[in-house]
Amino acid sequence: MNVMLIGGGGREHAMGWKLRQSPRLTNLLSIPGNPGLAQLGAVFPDIDPTDVEAICDLAIANAIDLVVVGPEAPLAAGLIDALDAAGIRAFGPTRDAARLESSKAFSKDIMQRAGIATAKAATFTDADEAAAYLAQATPPYVVKADGLAAGKGVLVTEGLLAAQGWARSCIAGHFGPAGETVVVEEFLDGREVSVFMLCDGVKAIGLEPARDYKRLLDGARGPNTGGMGSYSPAIDLPENLVETTINDVALPVLRVMEQDGIVFKGFLYVGLMLTADGPKVVEFNCRLGDPETQVVLPRLEEDFLTLIDQAIDGNLPTEPLTWSKDACVNVVLAAPGYPESPETGYPVRGLESIEDAIIFHAGTTLTTDGVVTGGGRVVNVVGTGPTVEAARGVAYRAIDKIRFTGKQNRTDIATN
Ligand code: AMP
Ligand code: GLY
């Protein structure tokens with residue numbers, strides 16, 4: 001099969017690496033891809049992953065049998081709808097189904113109708129009404145832009161004036177159309193965990209849980225980032241978390257959407273808060289987690305391509321998937337200045353000397369001088385071993401051999 005993969009981060013490199021292991025795969029094309037994906041097949045760095053028309057044309061020209069989508073933006077841009085219309089097989093939700101992530105008001109409505117435990121919420125398009133509602137709410141206040149805002153559309157604050165001001169600037173267009181509707185939510189207190197699955201419209205099958213580390217510095221200090229590391233299997237999770245999330249969250253959501261004539265096929269990421277009253281849904285994403293995917297897919301002892309194929313056909317297996325007992329630990333190497341303003345263009349040395357760890361590229365660029373830093377999170381270094389400690393050792397020994405100016409990494413991934 002000729003497979004086209006959409007995206008170019010560490011998550012997509014891990015997806016492409018896993019797809020490459022399938023005996024059914026002939027060619028892998030990635031849009032835009034990255035220098036790591038370029039080692040697995042053709043990449044098209046100049047094509048924007050939301051350029052639906054260019055992607056359809058390229059898929060036809062390259063006799064693509066299947067398109068797999070990593071990030072959410074192409075889904076919200078209607079990529080699956082366009083591929084369907086062109087008769088090209090693709091895995092991911094249509095634009096309408098992807099509103100589960102791209103509209104917080106839509107996902108709240110589905111959750112309420114499906115009877116799913118989540119934060120109470122109210123939706124506003126009028127700044128004065130939002131301000132009045134906040135004035136009688138209890139802090140901390142949670143205010144969200146309705147649409148996709150690249151992870152920056154949520155404010156959690158103790159300050160009433162800050163919450164009101166933020167709602168006002170959202171509605172005034174600070175986030176563009178994404179923020180013209182705001183959702184004010186009850187604050188959920190607890191530990192945050194995520195559950196990932198594949199959905200085939202009716203059924204869902206869970207992936208192994210992973211833990212990610214969002215803060216830049218050791219000991220969960222410093223600014224929030226896209227994720228500085230991850231490991232799997234995750235410990236300290238409630239028993240049967242994946243199973244209960246499928247039964248109590250995913251299946252009811254799929255049913256309500258189906259009643260509305262919306263079939264959800266694709267990856268589903270359920271963000272949960274483990275509150276004193278039990279798990280409650282914080283958000284849905286129509287994608288896998290990054291950097292969690294980089295430690296989950298190496299442990300999957302199944303043909304990822306076949307699994308995706310089955311999901312498209314509404315035919316996911318009913319038995320749980322098979323997983324390696326080995327652990328995986330991923331340490332992210334970030335560019336200087338990340339997350340505020342990453343500096344790019346520094347040569348990355350030593351990647352070719354790594355033998356026992358897996359390198360998943362994220363923000364790298366290939367130049368005539370070799371690989372240079374090209375984004376905030378530069379590479380993911382994944383160690384595998386019979387225990388988390390062993391896997392951690394492999395990852396940390398490898399990162400010592402990778403050098404670039406201003407390299408930043410946490411030293412405590414998978415220790416706490
Ligand atoms: P979201 O974009 O909805 O995932 O929100 C981003 C982050 O804000 C979440 O990962 C949480 O850490 C935090 N957050 C969102 N909603 C709530 C809530 N209702 N209570 C507490 N924290 C929240
Ligand atoms: N690791 C969190 C995310 O993918 O959003």
Side-chain angles (χ1 to χ4, degrees), residues 7 9-12 14-15 70-73 76 99-108 111 116-123 134 137-158 163 166-167 170 175 178-179 181-197 207 209-216 220 223-232 234 267-277 279-297 330 332 334 339 360 362 376-377 380 410 413:
R11 168 185 52 209
E12 287 77 23
M15 290 167 75
E72 65 279 10
R99 282 189 295 158
L100 207 51
E101 170 169 5
S102 67
S103 165
K104 295 195 188 290
F106 175 86
S107 82
K108 275 288 167 195
M111 280 193 266
I116 287 163
T118 182
K120 287 191 199 67
T123 300
L134 281 162
T138 348
Y141 307 97
V142 181
V143 190
K144 302 184 174 184
D146 177 60
L148 291 181
K152 297 191 175 72
V154 177
L155 179 75
V156 181
T157 177
E158 290 281 341
W166 204 80
C170 262
F175 285 110
T181 300
V182 299
V183 179
V184 178
E185 261 188 30
E186 166 200 13
F187 175 78
L188 298 176
D189 199 10
R191 190 154 66 95
E192 233 179 317
V193 301
S194 313
V195 175
F196 310 116
M197 55 191 87
L207 302 182
R211 159 119 194 257
D212 73 334
Y213 292 79
K214 290 211 165 72
R215 299 289 203 95
L216 180 70
N224 259 319
T225 71
M228 292 299 290
S230 52
Y231 72 92
S232 178
F267 298 111
L268 182 64
Y269 167 137
V270 184
L272 295 165
M273 194 71 83
L274 303 178
T275 74
D277 301 330
K280 293 192 178 178
V281 175
V282 177
E283 59 161 345
F284 291 120
N285 293 312
C286 301
R287 55 173 179 82
L288 295 176
D290 186 349
E292 293 94 326
T293 303
Q294 292 89 310
V295 291
V296 171
L297 289 183
N330 173 23
V332 170
F360 291 128
R377 291 184 289 174
N380 299 257
R410 280 182 64 158
I413 301 300

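All values below come from the heavy atoms of this structure, side chains included, with hydrogens, waters and symmetry mates left out. The structure presented is a predicted model; accordingly, all values stated were derived computationally and were not measured. Atoms within a ligand are numbered from 1 in the order they appear, just like the ligands themselves.
- Taking CG of Leu207 as the start and CG of Leu297 as the end, the distance is 7.0 Å to the nearest 0.5 Å.
- Between atom 2 (O) of ligand 1 and the options Glu185, Lys104, Glu186, the minimum heavy-atom separation is to Lys104.
- Selection from Arg287, Arg211, Glu283 by nearest heavy atom to atom 4 (O) of ligand 2 gives Arg287.
- Among protein heavy atoms, atom 3 (C) of ligand 2 sits closest to Tyr269 OH, 3.4 Å.
- Atoms of ligand 1 found under 4.0 Å from any heavy atom of Met273, numbered from 1 in the order shown, are 21 (C), 22 (N).
- Residue Asp212 approaches ligand 2 through these ligand atoms, each under 4.0 Å from one of its heavy atoms: 1 (N), 2 (C).
- Remark: Arg215 fails to qualify as a cation-pi partner of Tyr213 under the 6.0 Å distance and 45° angle criteria applied to the six-membered ring.
- With ligand atoms numbered from 1 in the order given, ligand 2 contributes 4 (O) to contacts under 4.0 Å with heavy atoms of Gly289.
- When only interatomic distances are considered, the shortest N/O to N/O separation between Asn285 and ligand 2 does not fall below 3.5 Å.
- Using a 4.5 Å cut-off on side-chain heavy atoms (C-beta onward), Val270 and Phe284 make contact.
- Of all the atoms in ligand 1, the ones that sit under 4.0 Å from a non-hydrogen atom of Phe187 are 20 (N), 21 (C).
- Inter-residue side-chain proximity for Lys214 and Met228 is flagged as unmet; no heavy-atom pair is nearer than 4.5 Å.
- Taken to the nearest 0.5 Å, the CZ atom of Arg377 stands 4.5 Å off from the CG atom of Asp290.
- Of all the atoms in ligand 1, the ones that sit under 4.0 Å from a non-hydrogen atom of Glu283 are 1 (P), 2 (O), 3 (O), 4 (O).
- Against a heavy-atom cut-off of under 4.0 Å, Leu188 is close to the following atoms of ligand 1: 18 (C), 19 (N), 20 (N), 21 (C).
- When side chains are defined from C-beta on, Glu72 does not count as touching Tyr269, because their heavy atoms never get closer than 4.5 Å.
- In terms of N/O distances under 3.5 Å, ligand 2 is approached by Asp290.
- In this structure, Arg11 does not count as a contact residue of ligand 2, since none of its heavy atoms falls inside 4.0 Å of the ligand.
- At least one N/O-N/O distance between Lys144 and ligand 1 falls below 3.5 Å.
- Shown are Lys108, Lys104, Lys120, Lys280; of these, the salt bridge (charged side-chain N to carboxylate O under 4.0 Å, His left out) with Glu185 is made only by Lys108.
- Residue Val154 has no nitrogen or oxygen atom sitting less than 3.5 Å from a nitrogen or oxygen atom of ligand 1, judged on distance alone.
- Side-chain atoms of Val193 and Leu274, non-hydrogen and from C-beta on, do get closer than 4.5 Å to each other.
- The distance from atom OG1 of Thr181 to atom NZ of Lys144, rounded to the nearest 0.5 Å, is 14.5 Å.
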